[in-house]
Amino acid sequence: MGKVIALTGATGAMGGEVLKSLLSSPENFKIKCILFEEEKHINKFVKKLLKQGGNRIETFRGDISDYNDCVKLIDGCDYVINCASIIPPKSDHNPHGTYLSNYVGTKNLVDAVKASGREDEIAFVHIATVALYGNRSYPHVWGRVGDPIISSDYDYYSLYKLKAERYLLESGLKKFVSLRQTGVLHKFMFANNLKDGLMFHTSWNCVLEWVTDVDSGRLCNNLIERDVGGKLEGFWNKIYNIGGGKQCRFSGYESLDAGFSLMGKTAKSFFKPNWNIPRNFHGVWYYDSDELEEFLQFRSESFEDYWKKMGKKYGWFKLAKIVPSSLITKLVFKRLFKNTNAPMYWIKHDKTGRIKAFYGGKDKFEAIGTDWNKFPLLCEGKTADGKIVYEKLKDKNYAKEQGLLLNHGYDESKPLEEIDFDDLQQAAAFRGGKCLSKDYASGGIYSKVKWQCREGHEFESSPYTILKGGYWCPHCCEPKPWRYGALAKDIPFYAQVYYDTHDKNEENDVFPLSESEDDFIIEK
């Protein structure tokens with residue numbers, strides 16, 4: 001047998017493709033899978049893989065929120081690939097389960113590796129998320145590692161993925177990588193998203209750099225194969241952004257419109273502008289996603305390739321060409337207004353906190369209106385302040401030339417090993433605080449140092465976590481609850497992006513506003 005790989009989340013959209021790709025490898029990997037679902041609930045795609053894998057796959061029923069199950073999973077393994085996660089829309093309806101899966105599960109896996117006696121031998125591959133960057137809108141549509149971590153209000157998914165990644169970064173593991181996955185174009189997308197109000201959470205003018213589930217599976221397999229072959233020098237102990245590259249960069253409107261094109265129609269045929277939230281989503285074009293491609297060469301499918309596959313799979317969608325759009329809207333989309341995750345439900349039931357967080361208030365919702373002719377679509381070269389050349393905005397070089405990349409507060413041209421105390425002090429000042437470890441010597445980028453935030457909290461974090469992770473004070477700059485409006489008032493690091501979608505005179509609300517409005521669960 002080849003190397004042993006412990007895989008979590010094998011029954012998910014990405015995890016299933018990781019399993020498939022590992023099984024196709026000539027390296028003859030052995031795979032250990034922990035399965036949360038009962039066998040009868042596992043999708044047909046994964047069931048087939050488990051059968052095909054034969055004695056190369058070892059499975060057992062368990063839960064990564066149980067530390068003992070994690071110990072069992074990593075026993076004898078050489079790699080851990082942590083794909084397990086509760087994602088939207090399920091995470092929106094199950095905050096506590098999301099906490100257990102997305103944070104506690106990751107913490108248990110990390111702790112199990114550290115207690116195994118083989119910490120130096122086990123490599124940990126963690127799948128993080130683009131949701132850590134929060135809402136990104138014009139003009140700061142380009143993002144990169146080191147940008148501020150801002151969990152969108154009410155987003156339990158990103159909240160607990162944030163806590164999980166930070167725990168990994170600060171754990172002291174000898175060999176790890178965190179891969180911030182973008183939106184995934186996967187085979188279950190239609191089935192999952194046509195049953196929940198989540199479909200109205202895609203802002204028309206947000207930006208998304210997609211990647212397909214197949215390419216994501218190939219990425220993880222290539223990572224293991226190349227590491228086994230000694231071809232990943234300089235790769236480990238860093239954060240990377242997973243994205244499909246130039247061929248997968250589109251706006252929110254274009255992303256939804258692609259699906260409706262299978263019906264020979266457009267998103268405007270079925271939706272009104274104010275049905276979808278204008279802010280508090282997540283998505284970004286990755287300025288640095290090509291770095292991961294250079295290491296792993298995993299890209300093979302484009303945005304258009306995916307929709308061609310969907311067109312073949314759902315050929316009957318063409319029948320919609322002869323059905324009135326108004327009837328489809330009534331039977332398919334308006335019925336979702338009754339779902340508690342739908343913005344129109346919040347409007348009808350006066351969910352003040354959510355209306356403020358996602359629209360800026362009921363007056364802002366009403367101002368959007370229902371007339372597409374009066375709504376500025378970014379992909380059509382229109383913004384609230386005038387016109388732009390959309391194709392120029394999509395050019396990485398143009399973004400850099402025009403100063404559209406966010407400032408991280410220190411000299412980023414330096415190699416990691418040359419970052420010194422002055423750089424740490426500059427970065428801390430940009431975040432409204434100080435670096436207290438004056439004895440810091442260059443080269444200790446992963447060693448914890450002392451910091452102080454603007455509110456006087458003292459904490460220890462590695463320079464890598466702060467400068468490259470995009471994190472700051474764990475006491476006041478993480479959602480406990482969400483309060484980024486108050487932070488942006490005094491912290492330039494957050495202000496530079498927060499005010500792209502928020503007025504500076506907006507009330508600094510804390511979300512959720514009350515226990516009665518939302519099941520707000522924060523566990524220590």
Side-chain angles (χ1 to χ4, degrees), residues 12-18 20-21 24 43-49 87-89 181-204 206-219 242-272 275-276 283 285 298-336 372 377-380 390-391 394:
M14 179 177 176
E17 286 293 342
V18 172
K20 180 182 178 182
S21 195
S24 68
N43 61 71
K44 293 180 180 179
F45 175 74
V46 174
K47 278 185 180 179
K48 186 177 180 180
L49 291 174
I87 66 174
Q181 175 66 288
T182 188
V184 179
L185 297 167
H186 58 85
K187 58 183 68 62
F188 309 119
M189 184 173 285
F190 282 166
N192 290 357
N193 292 340
L194 286 176
K195 297 183 290 188
D196 192 271
L198 180 71
M199 75 154 39
F200 303 111
H201 291 209
T202 301
S203 303
W204 301 120
C206 72
V207 295
L208 300 155
E209 180 175 330
W210 296 96
V211 72
T212 68
D213 52 357
V214 173
D215 281 354
S216 295
R218 180 181 296 106
L219 178 155
I242 304 177
K246 184 178 181 180
Q247 60 185 354
C248 292
R249 293 174 184 140
F250 294 88
S251 70
Y253 179 85
E254 291 171 301
S255 298
L256 286 176
D257 195 57
F260 295 119
S261 69
L262 301 181
M263 305 177 183
K265 300 183 180 182
T266 70
K268 294 179 182 179
S269 306
F270 304 104
F271 285 66
K272 299 298 182 184
W275 289 4
N276 284 49
W285 290 336
F298 61 93
R299 295 172 181 163
S300 68
E301 296 183 318
S302 68
F303 183 80
E304 292 182 356
D305 293 333
Y306 170 80
W307 287 111
K308 285 180 182 178
K309 287 200 301 185
M310 290 298 101
K312 293 179 181 179
K313 182 176 181 179
Y314 298 101
W316 53 271
F317 271 29
K318 295 178 181 178
L319 297 175
K321 294 179 180 180
I322 60 175
V323 180
S325 298
S326 59
L327 181 61
I328 295 175
T329 296
K330 179 180 179 180
L331 297 178
V332 179
F333 303 117
K334 281 191 173 182
R335 68 180 179 83
L336 293 175
W372 280 110
L377 279 174
L378 187 68
C379 61
E380 293 178 354
Y390 182 58
E391 289 307 312
K394 296 181 76 172

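Atom set for the values below is all heavy atoms of this structure, side chains included, hydrogens, waters and symmetry mates excluded. Nothing fancy with the numbering, it's 1 onward along the sequence.
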Run the side chain to side chain contact (heavy atoms under 4.5 Å, CB included) test on Asp305 and Thr212 for me, step by step, so that the C-alpha distance in whole Å, both residues' side-chain angles and the decisive distance to 0.1 Å come before the verdict. CA-CA 9 Å; Asp305 293 333; Thr212 68; over 6 Å; no
Just by modelled atom types, is the [Y] backbone N or O under 3.5 Å from a matching donor or acceptor in the [X] side chain?
X: Asp257; Y: Glu254; value: no
X: Thr329; Y: Phe270; value: yes
X: Lys20; Y: Gly217; value: no
X: Trp307; Y: Leu262; value: no
X: Ser269; Y: Thr266; value: yes
X: Arg299; Y: Gly243; value: yes
X: Asn276; Y: Ser203; value: no
X: Glu209; Y: Arg249; value: no

Of all the heavy-atom pairs spanning Lys187 and Glu17, show the shortest one and how long it is.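 Answer, listing the atom of Lys187 first, then Glu17: NZ-OE2, 2.6 Å.
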Nearest heavy-atom neighbours spanning Asn43 and Val46: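 In this case the closest contact between Asn43 and Val46 is OD1-N, 2.9 Å.
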Could you state the interatomic distance from [atom1] ([X]) to [atom2] ([Y]), rounded to the nearest 0.5 Å?
X: Lys268; Y: Phe260; atom1: NZ; atom2: CZ; result: 13.5 Å
X: Asp215; Y: Tyr306; atom1: CG; atom2: OH; result: 13.0 Å
X: Ile328; Y: Lys265; atom1: CD1; atom2: NZ; result: 4.5 Å
X: Trp285; Y: Lys246; atom1: CH2; atom2: NZ; result: 11.5 Å
X: Glu380; Y: Ser251; atom1: CD; atom2: OG; result: 9.0 Å
X: Glu304; Y: Lys309; atom1: CD; atom2: NZ; result: 14.0 Å

If you measure only the distance, is there a donor-acceptor pair under 3.5 Å linking the side chains of Asp213 and Ser216?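 Result is no, nothing qualifies.
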Is a donor from one side chain sitting under 3.5 angstrom from an acceptor on the other, for Ser255 and Trp210?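 A pair is found: one side chain offers a donor N or O, the other an acceptor, under 3.5 Å apart.
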Reference residue Val211; test side chain to side chain contact (heavy atoms under 4.5 Å, CB included); the match among Glu301, Met14, Gln181: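 Only one of Glu301, Met14, Gln181 forms a side chain to side chain contact (heavy atoms under 4.5 Å, CB included) with Val211, namely Gln181.
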Check against side chain to side chain contact (heavy atoms under 4.5 Å, CB included), Trp204 and Trp372: CA-CA 11 Å; Trp204 301 120; Trp372 280 110; 3.5 Å; yes
Using a 6.0 Å cut-off, check whether atom NZ of Lys48 has over 12 heavy atoms from anything other than its own residue.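 Counting neighbours around NZ of Lys48, 12 or fewer heavy atoms of other residues, nucleotides or ligands fall under 6.0 Å, so no.
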Validation row, ring centre Phe45 to ring centre Phe188 under 6.0 Å: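 Ring-ring flag for Phe45/Phe188: false, centres at least 6.0 Å apart.
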Establish, yes or no, whether a centroid distance under 6.0 Å links the rings of Phe333 and Trp275.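 For Phe333 and Trp275, the ring centres are not under 6.0 Å apart.
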